Amino acid sequence: MKRLLILSVLITSLVMVCVLRADPPGQDSTAAPPSNLTPLMRMKLDRSKAILEGLTLEEFDKIASNARALRLLSTESGWNVIQTKEYASQSRDFQRAADLVAEAAAEKDIHRATMGYVALTVRCVECHSYMRKHRVELMKLEVELQYSQPCPDVSGPIERLVVPRPSRSSPLASL
C-alpha cells in the first residue's frame, strides 16, 4: 500500500510538472507569479499545491480545507467561462474529485485522498486541454456574447466591423 501511495504522489507530481511551467534558470523563485494567469487560476493552482503538500506530509486538515476551497472556487462566476455541455461536465467531474479528496481527508484515508487528488489533477489537465483545443472557437463565442448585448442607445445588438481580441483579463487569455 505504501508503494501505491508513493507511486501515486510521484505520478501526480510528474503531471503537475508537465502542466506547470518551471521557472527559468537564474530566476528568483519568490518573484511575482506569471502575469498570464488570471487571479482565479492562481488561487486554484495555490490550493492544488497546498493539497499536494498536505498529502506528502499527511496533514489531513490542510488537505481537506484546500479541497473544500477548490470546490468553492469552482462555483465562482469567473470559473464558468463558457457555457457548453463539455465544460459543464468537466466542472462537475472536478467538483466530485474535490469532494472525494475532502471526504477522504476527513476520514484520514491518505490513499483515497491521494487517488482523489490524482483524479482532480487529471480533471484540470483534461479541461485545460479542451480549452486550448477549442480556444479559437471559444474566443469567437466570447466575442459574440460580448457584442450581442443590447446597447442602451440602440434597440438591437451592437454590430462592429472590427472584432477586438479578448483582453488580458479574459479567462481565455490565460490558456
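Since we're looking at a predicted model, the values are computed, not measured. Atom set for the values below is all heavy atoms of this structure, side chains included, hydrogens, waters and symmetry mates excluded.
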- Query: Can you check side-chain contact (heavy atoms from CB on, under 4.5 Å) on Arg123 and Arg92, steps first, answer last?
  - Reply: CA-CA 10 Å; Arg123 296 284 37 101; Arg92 281 191 305 274; over 6 Å; no
- Item | Stepwise side-chain contact (heavy atoms from CB on, under 4.5 Å) test for Glu59 and Ile63 | CA-CA 6 Å; Glu59 293 179 1; Ile63 298 166; 5.6 Å; no
- Message: Does Glu103 form a salt bridge (charged side-chain N to carboxylate O under 4.0 Å, His left out) with Arg112? I'd like the steps, not just the answer.
- Response: CA-CA 9 Å; Glu103 290 167 12; Arg112 198 164 138 239; 3.6 Å; yes
- Message: Could you walk me through whether Asp93 and Arg96 satisfy the salt bridge (charged side-chain N to carboxylate O under 4.0 Å, His left out) test, starting with their C-alpha distance in whole Å, then the side-chain angles of each, then the deciding distance to 0.1 Å, before giving a yes or no?
- Response: CA-CA 5 Å; Asp93 290 345; Arg96 279 192 291 271; 2.3 Å; yes
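Side-chain contact between Ile110 and Phe60 is present, with heavy atoms from C-beta onward closer than 4.5 Å. When side chains are defined from C-beta on, Lys44 does not count as touching Ser74, because their heavy atoms never get closer than 4.5 Å. Side-chain contact between Cys127 and Tyr87 is present, with heavy atoms from C-beta onward closer than 4.5 Å. In this structure the side chain of Ile51 reaches within 4.5 angstrom of the side chain of Leu120, judged on heavy atoms. By the 4.5 Å heavy-atom criterion applied to side chains, Thr38 and Arg42 are not counted as neighbours. Looking at Gln95 and Leu70, their side chains never come closer than 4.5 Å, going by heavy atoms from C-beta outward. Contact check for Lys85 versus Gln90: no side-chain heavy atoms found under the 4.5 Å cut-off.
Closest of all the heavy-atom pairs between Ala104 and Ala113 is CB-N, 3.3 Å. Here the closest non-hydrogen pair linking Ala67 and Ala102 is CB-N, 3.7 Å.
Atom CG of residue Leu72 and atom CE of residue Met43 lie 11.5 Å apart, to the nearest 0.5 angstrom.
Ser65 contributes a side-chain N or O that, together with a main-chain N or O of Asp61, makes up a donor-acceptor pair within less than 3.5 Å.
Judged by distance alone, the side chains of Thr84 and Tyr130 do bring a donor and an acceptor atom under 3.5 Å apart.
One hydrophobic cluster, built from ILVMFWY side chains closer than 4.5 Å, holds both Leu52 and Val101.
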